[in-house]
Amino acid sequence: MKTYVAFLRGINISGKNKISMGDLKKEFEHLEYTEVSTYLNSGNVIFSSECESVTDIRNNIESMIRNVFGYVVPVYLITQSDLDETLQNAPEWWGHGDKDKYDNLIFILTNDTPREISNMIGPVSEGMELVQVHKKVIFWTFDRKLYQKCNWWKKTASSGIADKLTIRTANTVRKMCK
């Protein structure tokens, strides 16, 4: 039995794709996943499954959301052990609780590599943001006061790129590691 973490893109954002976390938890349990828990109201789910196929689990979750809630929601799925390993390899500058910085972890929802996504977004704004790729994710930190001037801030929300990603804060990602 493995523990997985699912990050659902675009749940309960600006009044769109509203899903009760209690209802979502019940539906995960109907899929016969166990030890299901949610964190915050934005589609972060931890659960266990005997299934070893990340693709099958992701497809089951996406189908359930479409069939039960009526939304097409991409799901980023990672084993908890892989997420733990990712966080153990975070850059020194990422996730230290500096109130002047905003630390994010970018998960890629498509077959694009983090390097390809980085190239699509372009260079960081020097002195305002930092980016580092680790395997299938991108660590990203930016200055809270200057965020609107940051290249990555503008581009990660732009059409053609936003649909390829789901982004979580350092705090949220750490909470997903039991």
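Counting begins at 1 with the first residue of the sequence.
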Below 4.5 Å, heavy atoms only, C-beta onward: do Met21 and Tyr39 meet side chain to side chain? no
Any side-chain heavy-atom pair of Lys25 and Val45 under 4.5 Å: no
When you compare the side chain of Phe139 with that of Val133, does any pair of heavy atoms fall below 4.5 Å? no
Hey, mind stepping through His134 and Thr86 against side-chain contact (heavy atoms from CB on, under 4.5 Å) and telling me if it holds? CA-CA 7 Å; His134 175 73; Thr86 296; 4.1 Å; yes
Quick one: pull up OG1 in Thr79 and CD in Glu52 and give me the separation to the nearest 0.5 Å. 10.0 Å
Is any side-chain heavy atom of Phe69 closer than 4.5 Å to a side-chain heavy atom of Leu24? yes
Could you give the distance from CD1 (Ile117) to CZ (Phe107), rounded to the nearest 0.5 Å? 14.0 Å
Tested for ring-ring contact (aromatic ring centres under 6.0 Å, His included) against Tyr147, the lone hit among Trp140, Trp153, Tyr102 is Trp153
Going by the rule side chain to side chain donor-acceptor pair (under 3.5 Å), which residues pair with Asn104 if we only count those two or more places apart in sequence or in a different chain? none
Verify the distance criterion only: is there a donor paired with an acceptor across the side chains of Glu85 and Asn89 at less than 3.5 Å? yes
Check this for me: Trp94, atom CH2, are more than 12 non-hydrogen atoms of other residues, nucleotides or ligands nearer than 6.0 Å? yes
Answer yes if Ile167 and Ile161 sit in the same cluster of Ile, Leu, Val, Met, Phe, Trp and Tyr residues linked by side chain heavy atoms under 4.5 Å apart, and no otherwise. yes
In terms of heavy-atom contacts, does CG of Asn67 have more than 12 from other residues, nucleotides or ligands at under 6.0 Å? yes
Please tell me if the side chains of Leu87 and Val173 come closer than 4.5 Å, counting only heavy atoms from C-beta onward. yes
Test item: Ile138 and Val131 side chains (from C-beta on) under 4.5 Å apart, heavy atoms: yes
State, to 0.1 Å, how close Ala170 and Gly95 come at their nearest heavy-atom pair, and which atoms those are. CB-CA, 4.0 Å
Would Leu165 and Phe7 show up in the same hydrophobic cluster when neighbours are defined by side-chain heavy atoms closer than 4.5 Å? no
Does the distance from a Lys or Arg side-chain N to an Asp or Glu carboxylate O, for Lys164 and Asp112, drop under 4.0 Å? yes
Ring centres under 6.0 angstrom apart (Phe142, Trp152): no
I'd like to know if Leu40 and Tyr76 are part of one continuous hydrophobic network [Ile/Leu/Val/Met/Phe/Trp/Tyr, side-chain heavy atoms within less than 4.5 Å]. yes
Main-chain N/O of Ala162 paired with Arg9 side-chain donor or acceptor, under 3.5 Å: yes
So, the side chain of Arg58 versus the backbone of Leu77: is there a donor-acceptor pair under 3.5 Å, distance only? no
Using the rule that Ile, Leu, Val, Met, Phe, Trp and Tyr join whenever any side-chain heavy atoms are under 4.5 Å apart, tell me whether Tyr71 and Val68 fall into a single cluster. yes
In short, Val73 meets Ile65 closest at the heavy-atom pair CG2-CG2, 3.8 Å
Just verifying a value: how many Å separate Cys51 SG and Met1 CE, rounded to the nearest 0.5 Å? 11.5 Å
Look at the side chain of Glu62 and the backbone N and O of Val75, then say whether any donor-acceptor pair between them is shorter than 3.5 Å. yes
What residues, two or more places apart in sequence or in another chain, satisfy side chain to side chain donor-acceptor pair (under 3.5 Å) together with Ser20? none
Asn60 and Ser63: side-chain donor and acceptor closer than 3.5 Å? no
Nearest non-hydrogen partners of Lys155 and Ile121, listed with the distance: NZ-O, 3.2 Å
Any donor-acceptor pair under 3.5 Å linking the side-chain atoms of Ser118 with those of Arg115? no
Hey, can you tell me if Tyr33 and Phe47 have their rings parallel, tilted or perpendicular (30° and 60° cut-offs)? tilted
Test item: Met176 and Leu83 side chains (from C-beta on) under 4.5 Å apart, heavy atoms: yes
Return the minimal non-hydrogen interatomic distance between Pro74 and Val72, and the atom names on each side. CD-O, 4.0 Å
Under a plain distance cut-off of 3.5 Å, with no hydrogens placed, do Ser42 and Asn44 share a side-chain donor-acceptor pair? yes
Does some side-chain heavy atom of Gln80 sit less than 4.5 Å from a side-chain heavy atom of Asp84? yes
Any donor-acceptor pair under 3.5 Å linking the side-chain atoms of Arg174 with those of Thr172? no
Side chains of Thr169 and Asn171: any donor to acceptor distance under 3.5 Å? no
Quick one: pull up CG in Leu31 and CD1 in Ile57 and give me the separation to the nearest 0.5 Å. 10.0 Å
Roughly how far, to the nearest 0.5 Å, is the NZ atom of Lys145 from the CE atom of Met128? 14.0 Å
Is Arg144 reaching over with its side chain to a backbone N or O of Lys99, donor-acceptor style, under 3.5 angstrom? yes
Using side chain to side chain donor-acceptor pair (under 3.5 Å) as the criterion, list what pairs up with Asn41, not counting sequence neighbours. Asn12
Option passing side chain to side chain contact (heavy atoms under 4.5 Å, CB included) with Glu129 (candidates Thr141, Asp143, Asn151, Leu146): Asn151
Can you tell me how far CE of Met64 sits from CG of Asn59, rounded to the nearest 0.5 angstrom? 12.5 Å
